[in-house]
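When reading the values below, keep in mind they use all heavy atoms of this one structure, side chains included, and skip hydrogens, waters and symmetry mates. All chains are named by letter (A, B, ...) in the order of the sequence lines, taking the proteins before the strands, and each is independently numbered beginning at 1.
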Amino acid sequence: MFEECVKGIITRAVLKSGSEEGWPLETIQSTLEKGLRLEWPKKEEFGDLSTPLVMGLSKGLGKPPRAIAEKIVTAMKDDPSAVDVLVWVEVAGPGYINLTFSSPFLYRYLERVIGSDSHTEKVSSPRAINVEFVSANPTGPLHVGHGRGAAFGDSLARILREAGHRVSTEYYINDAGNQMNMLGKSVYLAFRRLEGRADPEERVRLLGDGEGYRGDYIPEIAQRLREEKELIGDAVRKSALEGRFTEEVQDAFTHVAQTLIMSEIRNDLSRFGVSFDRFFSEKTLHIFPGEDRSRISHWIDLLEQEPGGMVFESEGALWFKTTVMNDDKDRVLKKSDGSYTYFAADIAYHADKVERGFDTLVDVWGADHHGYQARMQAVVRTLAERAKKNVDLRICLIQLVSLMRNGKAVSMSTRAGEYVTLGEVLDEVGVDATRFSYLTRSHESPLEFDLAKAKERSMDNPVFYVQYAHARVKSLLAQASLRNVALEEFSAGSLSVLSEQTERSLIRLLAQFSGVILRCAESFEVHPLTDYLAAVAGAYHHYYFHHRILSSEEKDRPVMLARIGLSIAVAKILKKGLSLLGVSAPDSM
RNA sequence: GCGCCUGUAGCUCAGUAGGAUAGAGCGUCGGACUUCGAAUCCGCAGGUCGCAGGUUCGAUUCCUGCCAGGCGCACCA
């Protein structure tokens with residue numbers, strides 16, 4: 001509402017000035033395209049919206065910025081459609097154009113917020129976006145690092161949806177390959193140990209020098225297999241007890257272990273407020289119903305036939321020319337022994353996403369996968385060319401989480417399997433504080449997560465600060481209704497009694513909500529929203545402390561009603577914003 | 001050796017498609033509860049934006065080179 005409206009006014013003024021002054025149209029248009037950026041200045045003395053547009057224009061025109069800006073400002077003041085919206089336009093500093101909204105325009109916005117639960121502006125060109133995140137191997141429980149990716153991916157998806165995009169979320173299950181077999185073996189060996197039939201030689205025979213999976217969950221699964229006999233069946237059980245590690249034994253143990261772990265993962269995720277539209281199994285890429293080959297080979301063959309030579313043979317193997325995207329070296333798809341690499345499966349998976357019609361693919365990865373970026377970009381570019389459409393691959397690398405307790409690092413031993421799980425963190429600090437803490441920082445920044453601070457219910461903790469602001473409004477409304485104030489009493493004109501400076505500042509801040517959402521959606525970030533909500537809560541606490549809202553004096557009634565209205569708007573925006581972060585907005589705390 | 005991320009106040013971090021006096025929370029210190037929730041509010045102090053060059057009217061932001069921390073560099077998955 002604000003940005004779009006102002007952009008129109010500025011564009012008209014620039015075009016008008018340009019035609020009067022004879023500025024080259026080309027310069028004007030390219031500047032408008034790139035330089036028409038609007039920001040809400042931190043200092044209110046600089047107005048509500050500000051644009052450095054003229055600084056760019058001045059370079060193209062070779063004229064001093066302030067003179068150009070003056071000309072444009074004059075044209076804006078002459079624009080009849082601007083009088084409703086703006087009360088003040090000025091040139092400031094080196095050549096900024098600063099605008100100030102009229103109060104009626106701000107009140108109109110406030111009314112919209114109060115009157116509806118969904119007032120977010122939508123993007124002008126919605127995209128079909130697939131957000132893939134978590135995708136942790138089903139070989140163990142989710143840990144704190146996965147949690148950060150889960151919170152980020154889920155909230156990003158919610159924000160993109162709120163901005164008007166068509167969004168689908170997805171978890172890619174790496175349920176094929178050696179890792180899964182190793183998992184099965186680890187559980188089998190634990191099972192044997194629990195049965196009192198541990199055999200060091202057998203361990204070496206199955207795992208070689210490797211240690212297998214060693215977390216506590218391995219013996220727990222084995223214990224369940226002992227108790228719930230139907231899980232593996234009698235035949236497999238008999239073989240296992242006798243130490244005959246056949247193919248059926250391997251398959252049964254792998255299958256059961258994976259199923260149990262995956263259900264544990266889903267459990268943690270749903271507890272964390274994270275849901276997926278789809279779980280995509282890698283296994284389904286290794287087959288092709290009704291055909292004699294896999295979907296992997298199907299896609300690799302297709303790409304091999306493409307002109308351009310992206311897929312080529314060398315040294316007895318099949319390669320993908322990933323160096324076109326500045327990868328260090330080209331990558332192998334099909335090994336000289338004829339089997340496919342994991343990379344080939346990834347190609348098939350991304351090809352599948354493109355084929356399903358997405359034009360933006362978001363991959364949320366742990367930062368340790370950064371070496372894969374170049375090759376996946378190369379793949380998606382090739383797939384897009386083949387499909388003859390624009391497909392963007394957006395890779396979000398989630399930096400490391402280091403767990404602290406009262407400023408001291410929680411030991412995360414390098415010994416396999418010893419780490420703090422997401423479930424344990426949720427037990428200790430709860431869903432709201434965990435999600436909020438994960439989302440206060442840019443995902444590109446390593447995060448220190450202090451368990452003690454995160455669960456502290458104090459002003460130390462921004463979650464409660466924001467939630468408290470919401471609860472405060474709700475409590476206020478309860479008080480109001482005890483005093484027989486009917487909330488239906490608002491009328492269109494009643495907000496105009498909000499004339500305090502703090503009230504204007506608060507409304508100004510609320511007005512930025514859509515801009516924040518759109519900015520997050522554009523840059524694929526979440527933390528600007530978290531910051532914004534803390535700012536709104538802070539502004540409301542400040543306002544609340546300095547101004548009495550409820551009053552029993554009849555003469556104060558119009559102001560009281562308007563202030564209640566403003567409070568309701570604050571609560572609505574906090575609630576909406578928190579819901580996008582997956583954090584609850586409690587009525588009382 | 002090559003690549004990616006990070007380096008901003010005592011601590012944890014925002015900000016930067018080049019632009020107005022670089023911000024917040026915590027911590028320190030000092031204030032505010034007979035009033036709608038003090039889980040709140042107000043104030044003070046705290047900065048060579050890692051270092052050195054370069055481009056520019058203007059650089060914390062862009063370029064180059066260093067330094068420090070983290071993470072990666074398989075015909076593994």
Side-chain angles (χ1 to χ4, degrees), chain A residues 34-35 37 41-43 45-46 50 52 55-56 58-59 64-65 92-96 98 137 139 174 176-182 282 314-319 326-329 331-343 345-346 366-374 397-400 402 404 407 440-450 453 456-469 471-480 482-483 523 527-528 530-531 534-535 537-538 540-552 560 563-564 567 588-589:
Chain A
K34 285 184 206 155
R37 192 169 78 252
K42 269 180 227 146
K43 298 183 191 303
E45 61 201 83
F46 295 145
S50 177
M55 258 87 86
S58 122
K59 213 164 242 173
Y96 288 97
N98 293 347
N137 291 357
T139 50
N174 294 125
N178 251 333
Q179 300 296 320
M180 299 312 300
N181 286 337
M182 186 135 80
E282 184 196 341
S314 173
E315 305 163 45
L318 200 62
W319 301 69
N326 290 325
D327 200 2
D328 299 340
K329 48 184 284 195
R331 304 291 167 176
V332 171
L333 297 173
K334 194 195 231 174
K335 297 178 240 177
S336 44
D337 69 4
S339 64
Y340 287 102
T341 60
Y342 181 78
F343 179 43
D346 258 349
D368 52 342
H369 289 70
H370 67 254
Y372 287 75
Q373 286 185 96
L397 295 174
I398 309 293
Q399 293 294 325
L400 205 73
S402 43
M404 316 282 282
T440 37
R441 309 292 180 223
S442 159
H443 64 272
E444 290 178 341
S445 235
L447 177 75
E448 260 184 33
F449 188 103
D450 195 307
K453 277 188 186 157
E456 200 172 307
R457 306 177 72 80
S458 73
M459 52 189 174
D460 234 33
N461 198 332
V463 202
F464 299 115
Y465 185 82
V466 175
Q467 288 182 321
Y468 179 52
R472 238 183 176 171
V473 174
K474 291 299 173 176
S475 163
L476 179 81
L477 296 180
Q479 281 292 326
L482 283 178
R483 298 176 187 212
S523 58
H527 75 279
T530 317
D531 285 352
Y540 186 70
H541 287 314
H542 173 87
Y543 173 64
Y544 183 93
F545 191 84
H546 292 281
H547 297 284
R548 180 83 200 165
I549 294 174
L550 299 180
S551 164
S552 41
M560 174 178 74
R563 287 180 174 176
I564 292 176
S567 301
S588 67
M589 298 174 65

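- Put simply, the side chain of A:R563 gets close to the backbone of A:R548: a donor and an acceptor are under 3.5 Å apart.
- Across all strands shown, A:N174 has no heavy atoms under 4.0 Å from either base or sugar-phosphate atoms.
- Side-chain N/O atoms of A:R331 and base N/O atoms of B:rA74 include no donor-acceptor pair closer than 3.5 Å.
- Neither OP1 nor OP2 of B:rC42 sits under 4.0 Å from any side-chain N or O of A:Y544.
- A:L447 places none of its side-chain heavy atoms less than 4.5 Å from the side chain of A:Q399.
- As judged by a 4.0 angstrom heavy-atom cut-off over every strand, A:T440 is placed among residues making no nucleic acid contact.
- Residue contacts for A:N98: at a heavy-atom cut-off of 4.0 Å it reaches a base atom on one of the strands shown.
- To the nearest 0.5 Å, atoms CD1 (A:I549) and OH (A:Y544) are separated by 6.5 Å.
- Residues A:D531 and A:S339 both approach RNA chain B. Their nearest nucleotides, taken by heavy-atom distance, put A:D531 toward the 5′ side.
- Rounded to whole Å, the P atom of B:rG53 lies 13 Å from the corresponding atom of B:rU61.
- Counting non-hydrogen atoms under 4.0 angstrom, A:H369 reaches nothing in the nucleic acid.
- Pairing each heavy atom of A:K334 with each of A:A317, the nearest pair is O-CB, 3.2 Å.
- Closest approach to the A:A92 side chain among B:rA20, B:rC75, B:rA38 is made by B:rA20 (side chain taken as heavy atoms from C-beta onward).
- With sequence neighbours left out, the side-chain contact (heavy atoms from CB on, under 4.5 Å) criterion links A:Q373 to A:W365, A:H370, A:I395, A:L397.
- Checked against side-chain contact (heavy atoms from CB on, under 4.5 Å), A:N178 has the following partners two or more places apart in sequence or in another chain: A:N181.
- To the nearest whole angstrom, the two C1' atoms, one in B:rC44 and one in B:rA39, are 24 Å apart.
- Stacking between A:F46 and the base of B:rA20 is present: ring centres sit under 5.5 Å apart and the planes differ by under 30 degrees.
- Closest to the side chain of A:A471, from the set B:rC41, B:rG37, B:rU35, is B:rG37.
- Glycosidic conformation of B:rC33 is syn; the angle stays within 90° of 0.
- With B:rG15, B:rC41, B:rA20 as the choices, the nucleotide that has an atom nearest any side-chain atom of A:P94 turns out to be B:rA20.
- Within 4.0 Å (heavy atoms only), A:S336 reaches at least one base atom of the nucleic acid.
- Closest approach to the A:K42 side chain among B:rA14, B:rC36, B:rU40 is made by B:rA14 (side chain taken as heavy atoms from C-beta onward).
- Judged purely by atom type and a 3.5 angstrom limit, A:D337 uses its side chain to pair as donor or acceptor with the backbone of A:S339.
- Using P as the reference atom, B:rC11 and B:rC62 are 24 Å apart when rounded to the nearest Å.
- Here the side chain of A:S50 pairs no donor or acceptor atom with the backbone of A:N98 at under 3.5 angstrom.
- Within the 4.5 Å cutoff, the side chain of A:L550 has heavy atoms near those of the A:Q479 side chain.
- Looking at A:N174, its side chain never comes within 3.5 Å of a backbone N or O of A:N137 through a donor-acceptor pair.
- The side chain of A:R472 contributes an N or O atom lying less than 4.0 Å from OP1 or OP2 of B:rA38.
- The CG-C1' distance, from A:L550 to B:rG37, rounds to 12 Å in whole Å.
- Summarising the geometry, the separation between CZ on A:F343 and P on B:rA74 is reported as 14 Å, rounded to the nearest angstrom.
- Distances were taken from every side-chain heavy atom of A:I549 (C-beta onward) to each of B:rC42, B:rU21, B:rC36; the shortest belongs to B:rC36.
- In the set B:rA38, B:rA14, B:rA20, the nucleotide with an atom closest to the side chain of A:P41 is B:rA20.
- For A:S475, taking side-chain heavy atoms from C-beta onward, the closest of the listed nucleotides B:rG37, B:rA74, B:rA39 is B:rG37.
- B:rC13 and B:rU8 have their C1' atoms separated by 9 Å, with the value rounded to a whole Å.
- Looking at the side chain of A:F545, the nearest of the listed nucleotides B:rU40, B:rC75, B:rC42 is B:rU40.
- Nucleotides B:rC41 and B:rG27 are separated by 13 Å at their P atoms, to the nearest Å.
- The shortest distance between the side-chain N/O atoms of A:H542 and the OP1/OP2 oxygens of B:rU40 is not below 4.0 Å.
- Scanning atom types as modelled, one donor and one acceptor separated by under 3.5 angstrom connect the side chain of A:S50 and the base of B:rA20.
- Mapping A:A176 and A:G56 onto RNA chain B by nearest heavy atom places A:G56 closer to the 5' end of the strand.
- Within the 4.5 Å cutoff, the side chain of A:M180 has heavy atoms near those of the A:T139 side chain.
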Write down the protein N/O and nucleotide N/O pairs, taken from nucleotides 2-12 of chain B, whose separation is under 3.5 Å; answer none if there are no such pairs.
from	atom 1	to	atom 2	distance (Å)
B:rG3	N2	A:H370	NE2	2.1
B:rC5	O2'	A:Q399	NE2	3.3
B:rC5	O2'	A:E444	O	2.9
B:rU12	O2'	A:R441	NH2	3.3
B:rU12	O2	A:R441	NH2	3.4

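- Using a 4.0 Å heavy-atom cutoff across all strands shown, A:H547 reaches at least one base atom of the nucleic acid.
- Here, B:rG54 and B:rG15 have their C1' atoms 24 Å apart, quoted to the whole Å.
- Residues A:F449 and A:M404 fail the side-chain proximity criterion, which asks for heavy atoms closer than 4.5 Å.
- Remark: side-chain polar atoms of A:W319 are not paired, donor with acceptor, to backbone N or O of A:L333 under 3.5 angstrom.
- No engagement by A:E282 is indicated, since no non-hydrogen atom pair under 4.0 Å with the nucleic acid exists.
- For the pair A:Y465/A:H541, a side-chain contact is recorded, criterion being any heavy-atom separation below 4.5 Å from C-beta on.
- Backbone-only engagement by A:K329 is indicated by non-hydrogen atom pairs under 4.0 Å involving sugar-phosphate atoms exclusively.
- The side chain of A:K335 contributes an N or O atom lying less than 4.0 Å from OP1 or OP2 of B:rC76.
- B:rC4 and B:rA45: their P atoms are spaced 42 Å apart (whole Å).
- Of the possible donor and acceptor atoms, none in the side chain of A:H542 sits under 3.5 Å from a partner among the backbone N and O of A:A537.
- Separating the P atom of B:rC76 from that of B:rC5 is a span of 28 Å, rounded to the nearest Å.
- Checked against side-chain contact (heavy atoms from CB on, under 4.5 Å), A:R331 has the following partners two or more places apart in sequence or in another chain: A:T322, A:D327, A:D328, A:K329, A:F343, A:R375.
- Helical stems of RNA chain B (runs of at least 3 Watson-Crick or G-U pairs, donor-acceptor distances under 3.5 Å) are listed by first residue: B:1-7 with B:67-73, B:10-13 with B:23-26, B:29-32 with B:40-43, B:50-54 with B:62-66.
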What N/O pairs connect the protein and nucleotides 55-62 of chain B at under 3.5 Å? Give each pair on its own line.
from	atom 1	to	atom 2	distance (Å)
B:rG58	O6	A:K59	NZ	3.3

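- We find that CZ of A:F464 is positioned 20 Å from P of B:rG37, with the value rounded to whole Å.
- For the pair A:Q467 and B:rA39, the criterion of a side-chain N or O lying under 4.0 Å from OP1 or OP2 is not met.
- We find that CG of A:N461 is positioned 15 Å from C1' of B:rG27, with the value rounded to whole Å.
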